[in-house]
Structures are given as structure tokens and as C-alpha cells.
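Report on one structure; see the data block that follows.
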Amino acid sequence: MFFKNYKKWETEFAGRPFSLETGKMAGLANSAFLASYGDTQVLCTVTASAKPREGVDFFPLSVDYEEKMYSVGRIPGSFLRREGRAGEKAILTSRCIDRPIRPLFPKDLRNDCSVVATVMSVDPDCSPEIAAAVGVSAALATSDIPWDGPISSVNVGLVDGEIVLNPTLEQREKTDLTLTVASTADLVAMIEAGGNEIPDDKMFECIMAGHEENKKMVAFIQSIVDEVGKPKFEYESSDPDPEIFAEIEAFCIEDVKKALDTDDKLVRDEALLPIYEAVHEKYDEQFEGNEAKLDEIMYLVQKHVVRSWLKDEHKRVDGRGIDDIRPLNAEIDLLKRTHGSGMFTRGQTQVLSVTTLGPMSDAQMLDGLDEQTEKRYIHHYNFPSYSVGETKPSRGPGRREIGHGALAEKALVPVLPTVDEFPYAIRVVSEVLSSNGSTSQGSVCGSTLSLMAAGVPIKAPVAGISCGLITGEQGVYGDFMTMVDIQGLEDFYGDMDFKVAGTKNGITAIQMDLKVHGLTPEIIKEAFAKTHKARNYILDEIMLPVISEPRKELSPYAPKMVTLSIDPDKIGDVIGKGGKVIQEIQADFDVKINIEEDGRVYISGIDIDKCNGAADVVRLIATDPEVGAFYNGVVTRLMNFGAFVEIAPGKEGLVHISRLDVKHVDKVEDVCAVGDTMIVKCINITEEGKIDLSRRDAMIELDGMKPENEIDDVPGKPRRNNNNRGPRRPRKD
């Protein structure tokens with residue numbers, strides 16, 4: 001056999017065939033596996049540099065989830081017809097792979113490590129994201145790269161109240177919950193969730209169901225590691241020498257404690273500067289050529305202080321109690337011309353969220369591997385450098401910004417009205433004005449305020465809060481403590497950022513970031529209890545007193561919307577050849593018109609009267625003329641036998657000269673000209689579809705006018721005898 005080291009292992013995952021194979025592809029990587037789930041196939045590779053990267057105080061790990069359009073049999077829609085920058089969903093998947101694997105690497109490892117999952121074939125019923133996560137775990141676990149895995153990931157759905165593992169495409173369309181759970185053999189390593197107000201106990205049950213399924217896959221991967229796993233390579237530890245660390249800690253720890261003991265981030269940073277300078281002045285010569293190591297030691301000293309305060313003294317750097325929330329403030333209508341604005345402040349964290357409403361044509365078009373082709377609600381999150389008091393040029397959103405925006409979006413989508421209830425595309429932009437922890441949950445609160453101020457009829461207000469964790473020497477199995485509403489230092493030096501958003505009825509979104517291997521069920525339950533109480537307090541005491549329900553009226557600067565439904569067979573008539581008809585309507589009434597394939601029509605504009613006028617025209621076009629109906633038409637052509645009148649764009653009828661007026665008409669030009677408007681009545685539609693109209697009948701029925709032969713005698717004017725005209729000319733139309 002050509003591929004001598006080729007091996008394949010097969011199992012079942014949530015009731016469907018799953019396989020891992022190695023030895024055939026990407027042989028120069030440290031390890032490579034092709035993960036197959038149904039017809040979904042993802043190539044997962046891991047590589048690491050032989051030497052540590054110099055001058056860094058972090059583990060340089062990169063995780064890329066690459067979507068290839070050939071995997072779904074499509075050519076990319078871009079001008080270059082090739083895949084470009086990773087899309088939002090690919091970035092979010094990369095983050096979901098990164099977050100559970102990162103804590104399992106040694107904290108003192110500085111070798112570059114690259115993880116790449118390339119989607120090569122997609123079965124809509126078998127998630128490529130899950131195949132990628134499991135394949136990456138197998139590749140890392142069997143490689144020579146130091147890593148304390150394996151792990152597994154699973155999707156959990158809730159269909160008709162029943163828990164479903166790795167739901168199919170049909171089940172995903174019906175589910176009330178989209179949950180991803182990553183686990184080691186014993187601990188829950190990551191939770192990412194979006195749900196329709198799921199109660200805490202039901203969410204916990206779903207997480208545990210996912211964890212149980214993950215245990216089976218972890219055991220499967222471990223059996224592969226036992227068979228083909230490589231010995232882990234030796235690496236140069238970046239940890240400082242214990243004796244030197246102890247010396248520097250003794251030199252500065254008391255000053256560090258004094259500097260950290262404040263609730264003001266700016267005061268804290270300013271107080272730390274002279275301590276850094278003193279440490280460098282005393283030890284730079286000893287660390288010549290590697291002065292950055294001193295900054296890493298200073299980080300460890302601060303980490304030790306903050307963690308010991310929390311764990312041993314139950315003391316927080318800003319003086320709060322363990323379950324106290326920082327001072328809160330909520331405001332709306334800060335911006336005069338926007339459609340809605342809300343600002344939420346928690347301590348030194350401040351987020352301004354701005355809502356913009358648009359026609360459905362403004363919905364975002366998506367070009368990915370799944371079935372979703374557009375997104376009606378768009379949430380963008382910006383984190384400028386000034387929000388943390390730094391100077392850095394703006395280069396567009398990074399992965400963190402995209403992830404935080406997606407989390408806020410996930411939290412709010414379940415409470416949005418349907419398109420039928422509120423036919424608008426909605427964009428919310430959360431601008432982080434100041435950051436000292438938990439800005440993503442601040443954006444959830446600020447966005448709820450903004451949406452209600454804009455008049456979006458959300459089903460219930462949503463608030464978000466985070467919960468932190470500090471573990472002792474025994475880790476999550478020993479003494480631990482959780483604290484609510486963590487600020488920057490507690491996030492930076494702590495073990496967990498457990499973000500939960502929801503209404504008073506249930507959870508709408510979860511994102512959990514860890515620096516430990518995972519959580520026990522007890523920690524998860526405690527985090528749920530604390531965040532539930534905190535978000536209810538935020539809603540009742542802070543947000544609802546500012547605005548208790550969505551406004552009934554939209555901003556005068558927001559587009560007004562009129563919706564109607566037409567026969568889908570008439571869509572072509574409304575659009576017209578080359579779009580001529582719909583473009584004329586939009587120009588005449590200063591509106592935007594969006595038509596769905598099912599015949600739903602959305603008309604938007606600033607002036608509601610113009611929207612209604614455009615809607616009337618669309619109805620006219622989409623409705624066949626009826627005998628006996630009246631129309632306000634426009635004269636388009638004059639003939640010697642009558643005038644053609646357009647009663648709707650593309651629909652003309654003839655008003656015969658004998659029906660132009662209640663009195664005798666000698667010439668058509670005596671009554672009307674091209675471009676004149678007139679009220680006409682439809683009196684006949686031939687089998688060929690020709691329309692006969694009468695202005696005379698309209699004048700008689702609507703204006704109460706009488707035909708000439710019934711008009712009373714007028715002095716000085718002879719009365720014409722219409723019965724003596726002789727034979728009438730045959731009609732020439």
C-alpha cells in the first residue's frame with residue numbers, strides 16, 4: 001500500500017457514523033486527521049515551531065476554520081471567484097474551537113502553534129463545525145505538541161421540548177436552542193448558546209446531556225492516542241526562576257497592593273507606573289537583553305495579589321462584596337437624529353448602542369456553507385483604543401469584536417418581532433466608550449434600551465451580566481469561589497468569564513471563556529443562580545424605570561413601512577420590463593420597494609402618505625381590472641375615435657369618444673390632452689383582455705351629472721335631439 005501509515009477508526013456520534021483517518025493527507029504536519037461525519041469531511045492539521053518565539057509573554061496560538069465553497073458545490077460569488085477573508089461564521093467557529101483547546105496547553109509554552117480546519121465536503125445534516133472541533137482534538141492529542149486533551153464538542157438542540165444531540169438541518173430549523181458544549185472526560189470546557197428564553201434548569205439539563213455525549217467521543221479519541229499518539233516534545237519553559245521571582249515579589253508586593261486597591265482603572269494604572277520603573281531600574285542589568293521578562297514577573301505578582309485577595313479574604317479590588325454589582329446607569333435618546341439610542345454604564349464600562357431601521361432590502365446577504373442566505377438583524381460591536389486609554393490606529397473589527405457583536409446579536413434575536421409584525425431590517429451598533437470588564441454584556445443592555453427607544457416591539461427586555469471564578473491549588477475540584485459582575489482585573493487574572501444574557505423568563509445567550517481545564521456541574525449551577533438574580537436586578541431597578549416598554553411610534557427620521565401581499569404571478573407586472581415599472585413607482589413616490597418571492601411587498605419611505613400612494617399603485621398593477629370599478633387614470637394617447645387611458649402602470653383602456661363626456665364631443669382634443677388625469681369607469685373587458693372605459697359613466701355616477709339629452713332647457717340654447725343623429729359609425733378599435 002502506498003500510504004503505509006494510513007489508519008482509519010470508526011464510531012457513532014449522536015446516532016450517525018463518524019470516522020477519523022490519518023496517514024494519507026498532509027504528512028508534513030505534526031499531525032493531521034480527516035474527520036468525516038456523514039458526508040461532511042474536514043481536514044484538521046496542527047503544527048508547531050521547533051523553538052519558542054522570542055520577546056512574547058503569551059502563547060502564540062492561531063486557530064483557523066476555513067470554509068471552501070467547493071464543499072457545497074458552489075463557486076464563490078466574489079469578483080475574483082475565490083475564497084477571501086474569513087466570513088463572520090468562520091471566525092465564530094474558529095473562536096469556538098480556540099476557547100476550549102487553549103487552556104489545555106502549558107501556560108509557559110511559547111512555541112508558535114497553528115491549528116487549521118479546512119472544510120472540504122458538507123452534509124447539511126452533519127455539522128462541519130463539530131467535525132472540525134473533534135478532528136482538531138484528535139490531531140492535537142496524537143501530535144508531539146504538549147497538550148492536555150483530548151476534548152470533544154457537540155451541538156444540543158431543543159425541539160418540541162425534547163433534547164436533540166447534533167440536530168439535523170430540519171431539526172435546526174425548529175429548535176428553540178442552539179447550544180455548543182465542549183468537554184474533557186470530566187469537565188465542561190466551553191459553552192456557547194443562543195435560546196428562546198430557556199429556563200436555567202432546562203439549560204443546565206441540556207449542557208449535561210451534551211457533556212455525557214462528549215465523554216463517549218473523548219474515550220474514542222483516547223483509544224486512538226493510545227494506539228498512534230506521539231511522545232510530547234520537550235520545550236523551554238518561559239516561567240521565571242522561582243528564586244528571582246520571590247526576590248522581585250518581596251521587593252514590590254506591598255507597593256503593588258496599594259496601587260491595586262482602587263475602583264478607578266486610571267488611578268490604578270498611574271500608580272503602577274513608578275513601581276514598574278523601580279523594578280526595571282533595580283533589575284534591568286540582571287535581565288540585560290530580556291527586560292520583557294520583568295514585565296511578565298510584574299504580571300504574575302499582580303495576579304497573585306488579586307487572586308489571594310479574592311480567594312483568601314473575599315476582597316475585591318474595588319471594595320465591593322462578592323455578589324455586588326458596580327454602580328449602574330441607563331439613558332436613552334442621547335443622539336438627536338438617529339432612530340434610537342441607549343447608553344448603559346456599569347462602573348467604568350460604558351457602551352452606547354444605536355439602532356437604525358431600514359427596508360428589508362437592507363438585510364445582509366450571506367455567502368456561506370449553510371442554508372442561511374440573509375440576515376435581517378445585524379449587530380456590530382466596536383472597541384476603539386481610547387476605550388482603554390490607549391493609542392492605536394483603527395484597522396477594522398478583529399475576531400474579538402466580531403465575537404462580542406455576535407454574542408449580543410444572539411442575545412437579542414429571540415425577542416425581536418417577526419417580519420410580519422415589524423417589516424424592517426434592523427442594525428444596532430454598540431460603541432464601547434469605556435472598558436473595564438464585561439463590555440459585551442453592557443452592549444446587550446444598551447441595545448435593549450436602544451431598540452425600545454426606536455419603537456421596535458421586542459417581546460421582552462434583555463439584560464446581561466458576567467460571573468467570574470477563582471480556584472485554589474486543587475483547581476475546580478477543591479475550594480472555589482464565584483463573583484458576579486467581574487471587572488477588568490478579575491477577568492484578566494481570574495479563571496472564568498461566564499457571560500449570561502436573558503429576559504426575566506429565561507436565557508437567550510451564553511458565552512463561557514475559561515483559563516482552567518473546565519467546570520464542574522456545581523460551578524455551572526452557581527453561575528446560573530448568580531447571573532439570574534443579577535440580570536433581574538438590572539432589569540427591574542435600572543433599565544425598566546428608564547423605558548418600561550417599546551415606544552408605540554417610530555422616530556420621525558425613521559422610514560415608515562407599508563406592507564401588502566400580491567399574487568406571486570403578478571410580481572413581473574409590478575417590476576416591469578428591465579425593472580422600469582418599479583423604478584418609476586419608487587421615483588414618483590420617493591420610496592423603496594422590496595418584493596419577496598411569495599408576493600409580500602415592503603414599501604418604505606419617510607412620508608407615510610407617499611408609502612400608501614405607492615402601495616395603491618402596486619395594488620392596481622397586481623389586481624386585474626374589474627367591470628364596474630372606478631380608476632384615476634392618465635391619458636397616454638389620443639386617437640380620432642377616443643383616448644387611451646392608463647389606469648395602472650402597464651394597463652391601458654380605451655375611452656371611446658362617445659364616452660368622453662356627458663355631452664356630445666366633436667374632437668377628442670376638445671376634452672383632454674396627453675398627460676391629463678381623469679376618473680374613468682371600467683364598463684367591459686373583452687375575451688382578448690381589452691379594457692373599455694367610460695369617463696361619461698364616472699361623471700354621471702360620481703359627480704351626479706346628467707347626460708346632455710336629460711339636461712333641462714337652458715334659455716337661449718337649443719336642445720339637441722340625440723335620437724335624430726342617424727346611424728352611428730362602427731367602432732374602429
Side-chain angles (χ1 to χ4, degrees), residues 99-100 103 181-184 186-193 198-201 203-208 211 260 263 302-326 328 346-347 349 407 411 436-442 444-445 463-502 506-507 509-538:
R99 296 211 311 273
V181 180
S183 313
T184 67
D186 306 311
L187 301 170
V188 175
M190 187 208 68
I191 302 169
E192 180 86 13
I198 308 298
D200 290 7
D201 56 350
M203 183 68 80
F204 178 79
E205 182 185 351
C206 292
I207 293 169
M208 290 299 104
H211 180 40
L260 295 179
D263 61 352
Q302 294 171 69
K303 181 177 181 179
H304 172 71
V305 170
V306 173
R307 291 178 67 89
S308 63
W309 275 352
L310 285 165
K311 184 68 177 61
D312 302 330
E313 303 178 34
H314 283 202
K315 174 183 176 179
R316 304 179 76 165
V317 293
D318 55 8
R320 279 184 292 150
I322 294 302
D323 293 329
D324 289 344
I325 301 174
R326 286 172 289 175
L328 302 173
R346 181 190 287 124
T349 291
L407 175 61
N436 189 12
S438 201
T439 54
S440 66
Q441 299 311 285
V444 171
C445 299
I465 194 73
S466 63
C467 182
L469 171 73
I470 295 291
T471 57
E473 293 183 2
Q474 301 301 317
V476 295
Y477 292 110
D479 292 336
F480 67 86
M481 64 160 295
T482 60
M483 74 290 299
V484 77
D485 182 26
I486 58 174
Q487 61 171 302
L489 278 184
E490 293 165 340
D491 183 9
F492 199 47
Y493 298 131
D495 295 324
M496 175 181 80
D497 183 6
F498 197 125
K499 300 181 275 282
V500 183
I507 295 170
I510 300 175
Q511 188 177 92
M512 185 181 79
D513 294 327
L514 292 180
K515 295 172 188 167
V516 291
H517 283 29
L519 302 182
T520 61
E522 292 73 25
I523 297 176
I524 297 173
K525 281 185 177 180
E526 187 169 308
F528 276 169
K530 289 191 175 184
T531 54
H532 184 100
K533 181 180 178 182
R535 74 172 186 266
N536 283 355
Y537 169 79
I538 294 169

Treating [X] as the side-chain partner and [Y] as the backbone partner, does any N or O pair qualify as donor plus acceptor under 3.5 Å?
X: Arg320; Y: Asp324; result: yes
X: Lys515; Y: Asp491; result: yes
X: Glu490; Y: Gln487; result: yes
X: Thr531; Y: Ile465; result: no
X: Asn436; Y: Gly488; result: yes
X: Arg316; Y: Ile322; result: yes

Return the [atom1] to [atom2] distance between [X] and [Y], rounded to the nearest 0.5 Å.
X: Ile191; Y: Phe204; atom1: CD1; atom2: CZ; result: 9.5 Å
X: Arg326; Y: Thr349; atom1: CZ; atom2: OG1; result: 4.5 Å
X: Thr471; Y: Met481; atom1: OG1; atom2: CE; result: 11.5 Å
X: His517; Y: Asp495; atom1: NE2; atom2: CG; result: 12.0 Å
X: Cys445; Y: Leu328; atom1: SG; atom2: CG; result: 8.0 Å
X: His314; Y: Ile470; atom1: NE2; atom2: CD1; result: 10.5 Å

[X] vs [Y] side-chain heavy atoms within contact, under 4.5 Å:
X: Phe492; Y: Val306; value: no
X: Thr520; Y: Leu187; value: yes
X: Gln441; Y: Leu407; value: yes
X: Leu260; Y: Trp309; value: yes
X: Phe480; Y: Val476; value: no
X: Ile207; Y: His211; value: no

| query | Does the pair Asp485/Arg346 count as a salt bridge with the N-to-O cut at 4.0 Å? | reply |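 Looking at Arg346 together with Asp485, the answer is yes, because their closest N to O distance falls below 4.0 Å.
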| said: Between Lys499 and Asp513, does any side-chain N to carboxylate O distance fall below 4.0 Å? | reply: yes
Mind listing the closest non-hydrogen atom pair of [X] and [Y] along with its distance?
X: Ala411; Y: Val444; result: CB-CG2, 4.1 Å
X: Ile538; Y: Ala463; result: CG2-CB, 4.1 Å
X: Glu192; Y: Arg99; result: OE1-NH2, 2.6 Å

| query | Checking side-chain contact (heavy atoms from CB on, under 4.5 Å) against Phe498, which of Leu519, Thr482, Leu469 comes through? | reply | Leu519
| message | For Asp323, give me all partners under side-chain contact (heavy atoms from CB on, under 4.5 Å), at least two apart in sequence or on another chain. | response | Val484, Lys530
| field | Set of side-chain contact (heavy atoms from CB on, under 4.5 Å) partners for Asp200, sequence neighbours left out | value |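 Result, side-chain contact (heavy atoms from CB on, under 4.5 Å) vs Asp200: Ile507, Phe528, His532, Arg535.
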| request: Using the side chain to side chain contact (heavy atoms under 4.5 Å, CB included) rule, take Tyr477 and Asp186 through it: C-alpha gap first, then chi angles, then the decisive distance, then the call. | output: CA-CA 11 Å; Tyr477 292 110; Asp186 306 311; 3.1 Å; yes
